[in-house]
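Just so it is clear, the structure is predicted and the values come from calculations on it, not from any experiment. Each ligand, and each atom within it, is numbered from 1 in the order the structure gives.
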Amino acid sequence: MSKVLFEVTEDNLETGMRGYPVGYCSTSFVDPVKGLFYRGKAASELKDQSPEQVMYLLLHGKEASDGELKDFASQLQNRGHCSQAVIRHIQALPRQGHPMKLFCEALLILGMLESQDDYKEDCLNLMAKLPHLVATVLNYHAGWGETPAPNSQLSYIENFAEMLKAPGVDKEKLTEALRLFNILHYDHGGGNLSVFTGKAVASGLEDMYGAITAAMCALAGPRHGKANQDCLEFVREILDQVGESATEADIEALVRQRLENNQLVFGFGHAVLREEDPRASILYAFGEEHFSDDPLIKTALLLRKAATKVLKENPKVSNPYPNVDAISGAVLSAAGFAFPEYFTVLFGLSRCIGIAIQIVYERCVARDGKGTAIVRPKYIYKPQ
Ligand code: MLT
């Protein structure tokens, strides 16, 4: 007899399958109190590492030796170009609408033209090509000009920062902020909406690129990935209302007023976490260290205290603490990338990594290599 893991009652229906175990995830784990772990390592242990190091850890389940890291980095560099045909097709697409739509279309085009129809190969190719693909999408959508080809002398994130043609940015500051943002968003357990969607689509044996495109459509919604854009806009709104010399008390008053008016306080709470998201703690510390005079960082830091204090007073709020979105946009803005419309695409640049690796597990490793079954939950017929 196998163990009962979760008993479903009628109260569980229509609750987004919150907490239902449906499979295994070995890349990462989210502890309600301690937050995110990649392959057993806490986010705080990995925060100074390079994307190549963290991607290797997620992919192989162990830290790379110097030789392995060098080899992995050169594999990424060798595979890192999207073909001219892919670029041309992206640049023939409309530029209206949210850039996540263009990103999703670009992923499909990449799959149409470059898929190997092999989950493992496509996983590695996707990881390698994402910086070129995303830089092309952003430069084209924003009208920032032509995207240079990847430079094999540069690291993964230096290359991305170099290809991104956003105006007026300090490349060094932005590269460091992007490195941290990138590694903190790779993966967040097995059940967040985008990874679940990607694995569900791949369970029908759609290829990696189709499944990843579906995952990115899932990430695009404001309850998931677009929350980082909405949070930054919220922090900006607060700053506009209270001004640069505001105190914690000014912000507390504003938060109370918003709640009385049934307005949202963005960036607080989480489906799984019950303490401050360690990804947020790391980014707050980074913001304080590098951009302590930046008005958005100052506002986000005051909001961290004021909103938590107010939300804690409500016993119905299960998590009054900030999540990663409460601060990530302020850090990107302070580092010179003040373009909130593109924050969700940057989230996608990162999250595709964890999703692709989880898809490889489900398609090639799970159930002794047979792969997980096609996703097919039951809905109970209920005439209206
Ligand atoms: C994420 O990183 O995917 C978000 O925190 C949402 C989640 O984990 O459910």
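Heavy atoms of R223 found under 4.0 angstrom from ligand 1: none, in either backbone or side chain. At a 4.0 Å heavy-atom cut-off, ligand 1 does not touch H185 at all.
Annotation: the span from N125 atom CG to Q75 atom CD amounts to 9.5 Å, rounded to 0.5 Å. With rounding to the nearest 0.5 Å, the separation of CZ in R236 from CG in L239 is 9.5 Å. For the atom pair C217 SG and H224 NE2, the distance stands at 12.0 Å (nearest 0.5 Å).
The R351 neighbourhood of ligand 1 comprises atoms 1 (C), 2 (O), 3 (O), with distances under 4.0 Å to a heavy atom of that residue. In the vicinity of H270, heavy-atom distances shorter than 4.0 Å reach the ligand 1 atoms 4 (C), 5 (O), 6 (C), 7 (C), 8 (O), 9 (O).
Of the protein's non-hydrogen atoms, the one nearest atom 9 (O) of ligand 1 is N192 CB, 3.5 Å. Protein heavy atom nearest atom 8 (O) of ligand 1, with residue, atom name and distance: H188 ND1, 2.6 Å.
Aromatic ring orientation, H185 versus F347: perpendicular (interplanar angle above 60°, classes split at 30° and 60°).
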*S83 vs E114, side-chain hydrogen bond (donor to acceptor under 3.5 Å, both in side chains): CA-CA, chis, key distance, verdict*: CA-CA 8 Å; S83 65; E114 299 194 20; 3.0 Å; yes
